[in-house]
Amino acid sequence: MLITATLILLVVFNLSLLSYVQGEQKAAERNQAQALATGFSRTLKGEIKNALTLSTTLKELVLASDGKVDNFSTVAKDLLAENTAVSNLQLAPKGKVKEMKQARSTF
């Protein structure tokens with residue numbers, strides 16, 4: 001009888017321990033997923049900030065040159081070289097694209 005009771009207690013203890021370990025593993029997986037999501041969110045926020053900075057820079061360039069940017073390709077290449085989050089830059093005066101040029105830099 002004592003052996004049976006001891007075996008039952010061992011089985012219950014093992015099942016409890018297994019359940020606890022699985023719960024801890026799930027919690028660790030959730031924490032890891034949360035950390036990855038937070039890291040991705042921060043990276044995305046930085047890329048959006050860079051893109052907005054580029055847009056503001058181009059806006060100021062266009063305003064300063066009265067809408068005519070003769071060296072846009074050179075300026076775009078320089079800006080793209082410093083900001084890898086953006087793959088191309090385009091101007092659309094009054095919202096209409098008249099000419100499609102992409103300034104690509106080699107990374």
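Throughout, residue positions are numbered sequentially from 1 according to the sequence presented. Excluded from the calculations below are hydrogen atoms, water molecules and symmetry mates; all remaining heavy atoms, backbone and side chain alike, are included.
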For residues 34-45, please give each side-chain donor-acceptor pair under 3.5 Å, one per line with the distance, not counting sequence neighbours.
{"from": "T38", "atom 1": "OG1", "to": "Q34", "atom 2": "O", "distance (Å)": "2.9"}
{"from": "T43", "atom 1": "OG1", "to": "G39", "atom 2": "O", "distance (Å)": "3.0"}

Atom pairs and distances, side-chain donor-acceptor, residues 25-32, under 3.5 Å, sequence neighbours left out:
{"from": "N31", "atom 1": "ND2", "to": "A27", "atom 2": "O", "distance (Å)": "3.4"}

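Clustering of Ile, Leu, Val, Met, Phe, Trp and Tyr by side-chain heavy atoms under 4.5 Å joins L15 with V11. With a 4.5 Å cut-off between side-chain heavy atoms of Ile, Leu, Val, Met, Phe, Trp and Tyr, the cluster of I3 takes in L7. Side-chain heavy-atom separations under 4.5 angstrom define the hydrophobic clusters, and the remaining members of the one that includes I8 are V12.
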